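Below is one structure, written out as structure tokens; comments come after it.
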Amino acid sequence: MLQIYEITVIILSIIIAIYSVKKSKRSNKSIYFIYLVFWFIYVLPLMCDLIIGKPNYGARFNGFRLSYDDEYTRFFYATYILVVQFIMLIVGNKKYVIIKSKVKYKNDRLKEIKNTEYKDNRIIENILLFFSILTVLLVIIFPVSKYILWDMSWRDSGKIIEGLNYYSTIERFSYISIVSCIICLFNKKYSMLLKVVLLIVLYMTICSESKRSIIFFAGVILIAYMIYNTEYKKRKNIYLLAYLGVIAAIMYSVYIKLEFRGYVNSSQLYTTMRIDFGRDDTVKLVIYSLLNPNKMKILDYPGQSIICQIGTIFPLQLLGVKSIGYNAFLTAALIGQPVERSINWMTTSILDETIANYGFWGFWIAPVIIGLMARVTDKLTREMIPITIGAIVLLLMYPISYIMWYLQFWLILMLIAQKCNKEIDFDKSKIDKE
């Protein structure tokens, strides 16, 4: 019965995904694009279970094995993922139209302008240009191994870099630099020479992080910018590019694992790919802990991880304020060790973190936040749209403690944009009457 139910959820999710792809080709609402990223991270693993089979978690991931083997956990996960899809699309798909102004041409023909007439915002442009080069600049200035700027495989090949304490701070800027650099590359005001330099800087920033997830993130930001700055009829080619990019990312990940990680067993390769690209395992682990509090416990009280990671806020982290990221708590529960003795090597997301902190209410918090952020995205400038989408994607991929600086960066730019820009919102019903 459980397998039949999961198949039903998969079929419904595929129907919703097809609907979202069609809508995104003729709509500027960002929720459809965000939903497709969510589908890849959380729904695709369900299909893998059906087509390929169960991951071989083994003793190292004992918590994942326990949660996967529990039928109630799998049932609740499938139900939750289906509900999340509806919540995201409903909350993020508010029915209104934003028309910014109407300009009368010499031939007396009125043309509707799609975006607000924003003031020339050089402040944001300069900020983005500065953060584009910041990560590379910090690697050059601080006593950190310089080869990480051109060796993309340094992390996977097991090389130990100098200045690891400095690097742990520098890498927090890498995602900010990626999104800033991509936006600057599309700035028509910049010369070709500057764009070539920025392209080199982009490559160096990706190398400095040396994670497959940052390549995935860069691809998402690039596709997002291109989609929301392209005519509807030309978006088909961009989605084709996105599909090819996903395939390329998976193939590159397989190459890394075969070449540097020594994976020769197909079962091990499949399991580690699931853990790298999916976040279903961490959500199932949290659900299992709620259903079986006597067998597994992640947090001691509601909101514990939120309080414990206040020290990750900039500049508190630079001042040495101690913090414990949520992924440390989850890793401890995963391996059955006290949080003081565990290492925060397991990657989590906003979905499992909100559930772990707030229980039943946590099931609703994350999808509502994502939907509201998507609704905010639809009102922003072309520079701010990919930055906000980047914040949402990072929330779906990483613990809040790891991306705290990016979220602060996004919030500050939002405040600057709100101050500098002037928007005029019209209700759709009023527009139709004109």
Side-chain angles (χ1 to χ4, degrees), residues 2-3 5-6 9-10 38-82 84 211-213 250 253-254 257 261-263 265-299 305 325-339 341-357 359 362-363 366 396-399 401-402:
L2 176 61
Q3 190 175 41
Y5 180 70
E6 289 179 333
V9 171
I10 291 171
F38 167 88
W39 202 95
F40 177 80
I41 298 174
Y42 294 93
V43 181
L44 185 60
L46 279 177
M47 292 186 62
C48 292
D49 288 338
L50 179 65
I51 299 172
I52 303 176
K54 172 186 174 181
N56 182 21
Y57 288 118
R60 185 187 183 194
F61 305 105
N62 183 58
F64 290 161
R65 181 180 57 81
L66 292 174
S67 60
Y68 188 95
D69 291 340
D70 187 78
E71 291 190 353
Y72 290 105
T73 298
R74 289 174 59 186
F75 171 80
F76 277 106
Y77 176 79
T79 304
Y80 175 56
I81 290 304
L82 183 61
V84 167
K211 290 181 179 179
R212 291 170 297 283
S213 59
I250 294 175
S253 183
V254 171
K257 293 181 183 301
R261 299 291 181 88
Y263 288 99
N265 187 300
S266 58
S267 177
Q268 291 180 333
L269 183 62
Y270 167 62
T271 301
T272 187
M273 292 285 288
R274 281 282 298 268
I275 294 174
D276 283 352
F277 286 99
R279 295 293 177 268
D280 62 304
D281 41 25
T282 55
V283 176
K284 288 176 185 174
L285 186 72
V286 175
I287 294 175
Y288 178 82
S289 70
L290 294 179
L291 296 176
N292 302 274
N294 296 327
K295 296 180 180 179
M296 182 178 294
K297 191 175 184 180
I298 297 178
L299 299 177
S305 74
Y326 161 72
N327 52 336
F329 291 99
L330 185 133
T331 303
L334 172 65
I335 62 178
Q337 294 286 343
V339 66
R341 295 172 56 186
S342 69
I343 304 175
N344 55 345
W345 48 264
M346 182 49 61
T347 307
T348 59
S349 69
I350 187 175
L351 266 69
D352 53 274
E353 183 165 358
T354 52
I355 297 172
N357 276 283
F363 282 98
L396 292 172
M397 293 173 57
Y398 287 112
S401 58
Y402 183 71

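As the structure is a prediction and not an experimental result, all values here were calculated from the model. Nothing fancy with the numbering, it's 1 onward along the sequence.
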Show the atom names and distances, to 0.1 Å, of all donor-acceptor pairs under 3.5 Å that link a side chain in residues 348-355 to residues at least two apart or in another chain.
{"unit_1": "S349", "atom_1": "OG", "unit_2": "Y42", "atom_2": "OH", "d": "2.8"}
{"unit_1": "S349", "atom_1": "OG", "unit_2": "L351", "atom_2": "N", "d": "3.4"}
{"unit_1": "S349", "atom_1": "OG", "unit_2": "D352", "atom_2": "OD1", "d": "2.8"}
{"unit_1": "D352", "atom_1": "OD1", "unit_2": "T282", "atom_2": "OG1", "d": "3.1"}
{"unit_1": "D352", "atom_1": "OD1", "unit_2": "S349", "atom_2": "N", "d": "3.1"}
{"unit_1": "D352", "atom_1": "OD2", "unit_2": "Y326", "atom_2": "OH", "d": "3.0"}
{"unit_1": "E353", "atom_1": "OE2", "unit_2": "S305", "atom_2": "OG", "d": "3.2"}
{"unit_1": "E353", "atom_1": "OE2", "unit_2": "Q309", "atom_2": "NE2", "d": "2.9"}
{"unit_1": "T354", "atom_1": "OG1", "unit_2": "I350", "atom_2": "O", "d": "2.9"}
{"unit_1": "T354", "atom_1": "OG1", "unit_2": "L351", "atom_2": "O", "d": "3.0"}
{"unit_1": "T354", "atom_1": "OG1", "unit_2": "G362", "atom_2": "O", "d": "3.2"}

**Prompt:** How about M397 and Y402: do any of their side-chain heavy atoms sit closer than 4.5 Å?
**Reply:** no
**Asked** With distance as the sole test, does S67 use its side chain to make a donor-acceptor pair with the main-chain N or O of F64 at under 3.5 Å?
**Response** yes
**Prompt:** Atom CZ in F329, atom NZ in K297: separation rounded to 0.5 Å?
**Reply:** 11.5 Å
**Prompt:** Does L46 offer a backbone N or O that forms a donor-acceptor pair with the side chain of Y77 under 3.5 Å?
**Reply:** no
**Asked** Minimum heavy-atom separation for K54 to D69, with atom names?
**Response** NZ-OD1, 2.6 Å
**Message:** If you compare all heavy atoms of G278 against all heavy atoms of P45, which two are closest, and at what distance to 0.1 Å?
**Reply:** CA-CG, 4.4 Å
**Asked** Considering residues at least two apart in sequence or located in another chain, which fulfil the side chain to side chain donor-acceptor pair (under 3.5 Å) criterion with Y80?
**Response** none
**Prompt:** Can you name the closest pair of heavy atoms from G325 and S401 and give their distance?
**Reply:** CA-OG, 3.6 Å
**Message:** Could you report the tightest heavy-atom contact between L299 and A356, atom names first, then the distance?
**Reply:** CD1-O, 3.5 Å
**Item:** Atom pair CG (D280) and CG (L44), whose distance is rounded to the nearest 0.5 Å
**Value:** 9.5 Å
**Message:** Would you say T79 and Y5 are linked by a side-chain donor-acceptor pair, where the criterion is simply a distance under 3.5 Å?
**Reply:** yes
**Asked** CG of N56 to CG of L269: how many Å apart, nearest 0.5 Å?
**Response** 12.5 Å
Would you be so kind as to tabulate the donor-acceptor pairs closer than 3.5 Å made by side chains of residues 284-295, with sequence neighbours excluded?
{"unit_1": "S289", "atom_1": "OG", "unit_2": "V286", "atom_2": "O", "d": "2.6"}
{"unit_1": "N292", "atom_1": "ND2", "unit_2": "Y288", "atom_2": "O", "d": "3.1"}

**Complete:** CE of M296 to CG of N62, rounded to nearest 0.5 Å, is 7.0 Å
**Prompt:** Should we say atom CZ of F76 is surrounded by more than 12 heavy atoms from elsewhere, each under 6.0 Å from it?
**Reply:** no
**Request:** Can you measure from CZ (R274) to SG (C48) and round to the nearest 0.5 angstrom?
**Result:** 5.5 Å
**Counterpart residues, side chain to side chain donor-acceptor pair (under 3.5 Å), relative to T272 (two or more places apart)** = K257
**Message:** Test of understanding: with side-chain contact (heavy atoms from CB on, under 4.5 Å), list the residues that count as partners of L50, not counting sequence neighbours.
**Reply:** Q3, I7, I10
**Request:** Give, for atom CZ of F61 and atom OH of Y68, the distance between the pair rounded to the nearest 0.5 Å.
**Result:** 15.5 Å
**Request:** Might you confirm whether atom OH of Y72 has over 12 heavy atoms from other residues, nucleotides or ligands at distances under 6.0 Å?
**Result:** no
**Non-hydrogen side-chain atoms of L66 and Y57 separated by less than 4.5 Å** = no
**Item:** Contacts of type salt bridge (Lys or Arg N to Asp or Glu O under 4.0 Å), residue R74, not counting sequence neighbours
**Value:** E6
